[in-house]
Amino acid sequence: MLTNTENIIEVRGLKKAFDQNMVLKDINFAVKKEEKVVIIGPSGGGKSTLLRCLNHLDGNYTGDVLFKGQNLGQLSKKELQLCRRKMGMVFQQFNLFPHKSVLENITFAPVKLKLMSEAEAIANAHDLLKQVGLDEKAKAYPQSLSGGQQQRVAIVRSLAMQPEVMLFDEPTSALDPEMVGEVLGVMERLAKTGMTMVIVTHEMDFAQQIADKVLFMDNGHVADIGTPDYLFNHSKNFRTRTFLAKVM
Amino acid sequence: MFDFLGQYYPVFIQGAAQTVVISLIGICIGILLGLVVVAMNLSKFKPFSWLAKTYIAIVRGTPAMIQVMLIYYVLSKALPIPDIRFLGSSLDRVIPGSIALGVNSGAYTAEIFRSGIMSIAVGQTEAGISLGLSENTTLFSVVMPQAVRNILPAMGNEFISLIKESSVLFYIGVQEVTAQALGVGGTLYNFIPPLLVAAAIYFVLTFVLSQLLQLAENRMGRKYLALN
């Protein structure tokens, strides 16, 4: 089958079941370099599961997930690890390492994987922390930070690996409302740098504003796909319109 | 009642030292073995996992005394350990004995490690993996350091048990503190006072250990919880 190398991520015929329950039913889509793809849809529709298949965090699927032309399902453990370095992931629950300071959280993986020296990693971490306005928290431990601060650190931790694509799994869903803005702000600035991004979110205004392409997922299918303008304003799809009417 | 101590205190000191030595070796072997076994147990390679589960089941399901004797008799045939005196006992008894304590303890520490690993949210592993770290690096650098803090109380229990159970090495002729107390009792035709002394020595050892563990717990906790 022809592989378009311009696609950073390509998903072909992806199916996944938990026991008897089919959660992903034949998903096909691609993410091009610098593209921002936003995945929306009702809870339980398979959005997070799909995202977790993109870096093979969930492995038991059928079909193909390709990262820069490499079929993740056919890679060795080592090769898969090399791919994951290039795919940053931000989680709903932040998942910072509580036993490491903010700085150590950020420098740990790049140093451990010998991508840079410790001095370089520290300098890089301070640089990135400044960009999200948290450099003064470098020595703090995650538990002393607010949710919004933790999530900004989590984003920085992923960026420190110098990824080629960033995956966001409902990055603001666990935040108090007043902290959502600061995280979305960081993501917006990241988008402007040309980062390729795949974002699962319930923030519809944000989706509309940042996306090049929106996937509406429902019941394990990509039920609707298109530009934000099409999907939010012109879609004739009944399920898309019902969903949007409920959330907007 | 304790007049005999004036004459016999060196014997008790020697026995206590022997108990400390065999317990320390046992604890160290137990921890190392526990780490290996828990990694095998959680491994996706099934034969490793079966092996680990079998080891745990056998060690937990049989008396420590029989394990010690079996290991002693097997090792004394298989390994030519020189008959060197060490704290009143021969090394060809001390070494197999401490190994047996470690082999016994390893099964329990492996299970304690497993409970610690399970106590850490799966998100921590996912965060490590998604940064491109290997599963082993994630386990040993991300999950374990957090798990250790959660398992310190259970580990403390295990270490304390091990110190007390090290008295089973009496049966293979290691002159640890219980053996020495019985020896003194035989000489005096009165076992109660020397056994009371031995009990007091065990109590002091375990009490000091539990205080040290408490200290460790406080220090580790302060790092990332007291900042709240």
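Letters A, B, ... are given to chains in the order of the sequence lines, protein chains preceding strands, and every chain is numbered from 1. Below, all heavy atoms of this structure are taken into account, side chains as well, without hydrogens, waters or symmetry copies.
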Which bit of A/Met161 comes within less than 4.5 Å of chain B, counting heavy atoms only: side chain, backbone, both or neither? side chain

Residue part contacting chain B, namely of A/Phe97, when any heavy atom lies under 4.5 Å: both

Turns out that what part of A/Arg157 lies under 4.5 Å from chain B's heavy atoms comes down to both

Anything under 30° is parallel, anything over 60° is perpendicular, the rest tilted; go ahead and classify B/Phe207 against B/Phe203. parallel

Residue A/Lys77 versus chain B: region with a heavy atom under 4.5 Å: side chain

Chi angles and distances behind the salt bridge (charged side-chain N to carboxylate O under 4.0 Å, His left out) call for B/Glu126, A/Arg52: CA-CA 10 Å; B/Glu126 291 182 345; A/Arg52 294 161 56 88; 2.6 Å; yes

Using heavy-atom distances under 4.5 Å, tell me whether A/Phe108 contacts chain B through its side chain, its backbone, both, or neither. side chain

side-chain hydrogen bond (donor to acceptor under 3.5 Å, both in side chains) between B/Glu158 and B/Ser105: does it pass, once the steps are laid out? CA-CA 8 Å; B/Glu158 172 55 23; B/Ser105 179; 2.8 Å; yes

If we define contacts as heavy-atom pairs under 4.5 Å, which of A/Asn55, A/Leu96, A/Leu80 has the most with chain B? A/Leu96

Toward chain A, the part of B/Thr137 with a non-hydrogen atom under 4.5 Å: side chain

Check against side-chain hydrogen bond (donor to acceptor under 3.5 Å, both in side chains), B/Tyr202 and B/Thr178: CA-CA 9 Å; B/Tyr202 281 114; B/Thr178 308; 2.6 Å; yes

Flag yes if more than 12 heavy atoms outside A/Lys112 fall under 6.0 Å of its NZ atom; otherwise flag no. no

